Amino acid sequence: MAADPAAPGPTPLLVACALGIERLALRTGDRGGADGSVTVLRTGMGPRAAARSVTRALGKEALRDAAVVATGFCAGLAPGMHPGDLVVADETRHHGGSTPCQGTKLLVEGLTRALPGRTVHTGPLTCSDHVVRGPERGALLATGAIAVDMESAVTLHSAVAAGPRPVAAVRVVVDAPQHELVRIGTLRGGISAFRVLRAVLPAFFEWHRSSPLPRR
């Protein structure tokens, strides 16, 4: 009698960020609890760099079915946001449309456990091709978005274009309407955001374990 085929292993997880300081936070954070291989990809800054890097990474056989989380820092748009707050996207928006995110509630619960006392916001995360300052925040807030960054929307759009897979976006607010920063890491808000980003991986791993397998 022929042996049963081996059960497939867990799908890999691709965690994409843009900046070296973001990758440093993720690589030095708590990596316990991963189910399967985890790749932290630095895409480079901006939509074009993110699309190119994510498409190339998912074209490799080892990551073909990977679940994808876009993460790093963002600008908060809503009054009352503070550096170190977390944003869990229910969708990401870009000029060509939007990408729904999976497991938003699970991520919120996991982040609340991993970072007790931190505020977690949920809503649309929009894309910009430049750093947003001043009055431009209000214009983006009027669209219904709660935060903005340059890579998340394109990262998730590129990921689902490469094949069906679970996708999510989690960002840490590094500046907000009343707390604008000049440089990440030079002011207290940037340091706070860095520390928060170091602690997010366990929630990502929990989301990954609970994500449905892709169908091809």
Side-chain angles (χ1 to χ4, degrees), residues 13-19 22 25-26 29-30 33-35 38 40-41 43 50 54 66-94 97-128 132 137 140-141 143-160 165-177 179 189 192-212:
L13 173 63
L14 178 67
V15 180
C17 61
L19 304 176
E22 294 168 337
L26 293 163
D30 181 2
D35 185 12
V38 179
V40 177
L41 173 69
T43 65
V54 170
V68 175
V69 177
T71 195
F73 303 131
C74 70
L77 300 176
M81 282 185 159
H82 296 85
D85 285 2
L86 289 141
V87 173
V88 179
D90 54 18
E91 67 173 7
T92 56
R93 298 176 177 177
H94 53 91
S98 63
T99 303
C101 299
Q102 287 81 51
T104 300
K105 181 179 178 181
L106 181 65
L107 276 168
V108 170
E109 292 171 350
L111 291 167
T112 300
R113 285 191 293 272
L115 289 148
R118 287 288 174 183
T119 301
V120 183
H121 307 269
T122 305
L125 176 62
T126 197
C127 179
S128 174
V132 173
R137 291 179 190 267
L140 292 174
L141 177 63
T143 70
I146 64 168
V148 58
D149 73 87
M150 291 194 285
E151 298 85 21
S152 290
V154 174
T155 292
L156 299 197
H157 177 72
S158 300
V160 297
R165 69 189 75 248
V167 294
V170 175
R171 289 276 172 169
V172 181
V173 174
V174 74
D175 69 343
H179 304 274
S192 174
F194 179 87
R195 290 173 176 166
V196 171
L197 190 58
R198 289 192 67 208
V200 298
L201 282 177
F204 293 179
F205 298 155
E206 182 179 352
W207 170 84
H208 180 222
R209 287 193 299 270
S210 301
S211 297

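Please read these numbers as outputs of a predicted model, since none were measured by experiment.
- Looking at L111 and R118, their side chains never come closer than 4.5 Å, going by heavy atoms from C-beta outward.
- The CG atom of L156 sits 14.0 Å away from the CZ atom of R93 when rounded to the nearest 0.5 Å.
- Nearest heavy-atom pair across C74 and V148 is CB-O, 3.4 Å.
- Taking CG of L26 as the reference point, atom CG of L41 lies at 11.0 Å (rounded to 0.5 Å).
- The minimum heavy-atom distance between V196 and V200, with the atom names listed, is O-CG1, 3.4 Å.
- Residues meeting the ring pair (Phe, Tyr, Trp, His ring centres under 6.0 Å) test with H94, sequence neighbours left out: H157.
- Judged purely by atom type and a 3.5 angstrom limit, T119 has no side-chain atom pairing as donor or acceptor with the backbone of D85.
- Side-chain contact between F204 and V38 is absent, with no heavy atoms from C-beta onward closer than 4.5 Å.
- Side-chain contact between S98 and T92 is absent, with no heavy-atom pair separated by less than 4.5 Å.
- One distance of note links CG of L197 with CD of E22; it measures 6.5 Å at 0.5 Å rounding.
- Side-chain atoms of H82 and V173, non-hydrogen and from C-beta on, never get closer than 4.5 Å to each other.
- The two residues F194 and A25 make their nearest non-hydrogen contact at CE1-CB, 3.5 Å.
- Within the 3.5 Å criterion, the main-chain N or O of V167 finds a donor-acceptor partner in the side chain of Q102.
- Across L77 and L141, no two heavy atoms sit closer than the pair O-CD2, 3.7 Å.
- Between M81 and I146, the closest side-chain pair of non-hydrogen atoms falls below 4.5 Å.
- Listed by first and then second residue, the salt bridge (charged side-chain N to carboxylate O under 4.0 Å, His left out) pairs that reach into residues 143-154 are D149-R171, E151-R171, sequence neighbours excluded.
- Scanning both residues, S210 and L106, for their nearest heavy atoms gives CB-CD2, 3.4 Å.
- Here R209 contributes atom CZ and L13 contributes atom CG; the two are 11.0 Å apart, rounded to the nearest 0.5 Å.
- With values rounded to the nearest 0.5 angstrom, L86 atom CG is found 10.0 Å from T122 atom OG1.
- The shortest non-hydrogen separation linking A89 to C101 is O-CB, 3.4 Å.
- In this structure, the salt bridge (Lys or Arg N to Asp or Glu O under 4.0 Å) partners of R113, at least two apart in sequence or on a different chain, are E206.
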